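Throughout, protein chains are lettered first and strands after them, A, B, ... in sequence-line order, and every chain is numbered starting at 1. Since the model is a prediction, treat every value here as computed from it, not as a measurement.
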Amino acid sequence: MSPVRRKTWLMKSEPSAFSIDDLARVGSEPWNGVRNYQARNFMRQMQIGDSVLFYHSNCPRPGIYGLAEVASLAYPDPTQFDPASPYYDPKATPAQPRWDLVDVRYLRHLRRPITLDEIRRHADALGEDFALIRKGSRLSVLPVSPAQARLLLSLESVDV
DNA sequence: GCCAACGTTGGC
DNA sequence: GCCAACGTTGGC
């Protein structure tokens with residue numbers, strides 16, 4: 001039997017809406033509000049126990065701030081059915097849901113944030129397929145290869 | 001199927 | 001707050 005290989009993903013959140021501190025407080029959180037098909041399809045590929053790099057976007061120091069893990073398989077995002085929610089989608093019905101989410105569980109904060117600026121300095125090693133720093137990419141859920149994850153996490157122990 | 005208009009993302 | 005880049009919508 002081949003061992004289960006945990007995949008790594010990067011998930012963006014605006015800290016003013018939901019930060020790594022918020023995740024630490026609640027422990028586990030349904031990752032609602034993703035309304036992009038590519039991001040949704042990545043969540044559908046996730047397995048319980050996969051690693052998540054928690055990225056803060058649209059803030060003074062964008063970057064990776066913590067580690068989390070996937071705590072559920074993908075299931076319909078309930079906010080799509082709620083007319084009072086900003087994520088309401090009138091074209092979605094419980095019989096025919098359009099958007100999924102996964103639960104994400106807090107693991108730990110990084111010793112220090114790995115900033116976007118620092119990540120960019122390793123663009124060559126990370127490669128063309130790393131969507132986070134691909135020009136114009138706004139994908140909020142994206143896969144991270146084992147080599148990319150190793151590199152990113154190794155930066156944590158580099159003192160600055 | 002084309003494409004202009006619009007809304008959103010997210011760095012700066 | 002600005003704006004480049006992108007995805008979606010809808011008229012035709």
Nearest-Å distance for atom pair OH/C1', residues A:Tyr87 and B:dT8: 12 Å

Euclidean distance, atom CZ of residue A:Arg35 to atom C1' of B:dC6 [Å, nearest integer]: 19 Å

Spacing between A:Tyr88 atom OH and B:dG7 atom C1', to the nearest angstrom: 19 Å

Rounded distance in Å - OH (A:Tyr37) to P (C:dT8): 7 Å

Atom CZ of A:Arg44: over 12 foreign heavy atoms under 6.0 Å: yes

Whole angstrom value for the distance that separates P of B:dT8 from CG of A:Asn36: 14 Å

Close N or O pairs between protein and nucleotides 10-12 of chain B (under 3.5 Å):
| unit_1 | atom_1 | unit_2 | atom_2 | d |
| --- | --- | --- | --- | --- |
| B:dG10 | OP1 | A:Lys12 | NZ | 3.0 |
| B:dG10 | OP1 | A:Arg138 | O | 2.6 |
| B:dG11 | OP1 | A:Tyr55 | OH | 2.7 |
| B:dG11 | OP2 | A:Asn58 | N | 2.9 |
| B:dC12 | OP1 | A:Arg120 | NH1 | 3.2 |

A:Asp50 and A:Gln45: CA distance, side-chain angles, deciding distance, side chain to side chain donor-acceptor pair (under 3.5 Å) verdict: CA-CA 10 Å; A:Asp50 280 359; A:Gln45 295 175 29; over 6 Å; no

Overall bend - the helix from B:dG1-C:dC12 to B:dC12-C:dG1, comparing terminal axes fitted on five pairs, nearest 10 degrees: 10°

Co-membership, hydrophobic cluster, residues A:Ile133 and A:Ile114, 4.5 Å side-chain: yes

Atom-to-atom span, CH2 of A:Trp99 to P of C:dG7 - whole angstrom: 13 Å

Carboxylate-amine/guanidinium proximity below 4.0 Å for A:Asp22 and A:Arg25: yes

Check against side chain to side chain donor-acceptor pair (under 3.5 Å), A:Thr115 and A:Asp117: CA-CA 5 Å; A:Thr115 63; A:Asp117 189 61; 5.0 Å; no

Residue pair A:Asp82 / A:Tyr87, side-chain donor-acceptor N/O under 3.5 Å: no

Partner of A:Val52 under side chain to side chain contact (heavy atoms under 4.5 Å, CB included), chosen from A:Val70, A:Thr8, A:Leu67, A:Leu23: A:Val70

Qualifying side-chain hydrogen bond (donor to acceptor under 3.5 Å, both in side chains) pairs, either residue in residues 65-74 of chain A, two or more places apart: A:Glu69-A:Arg105

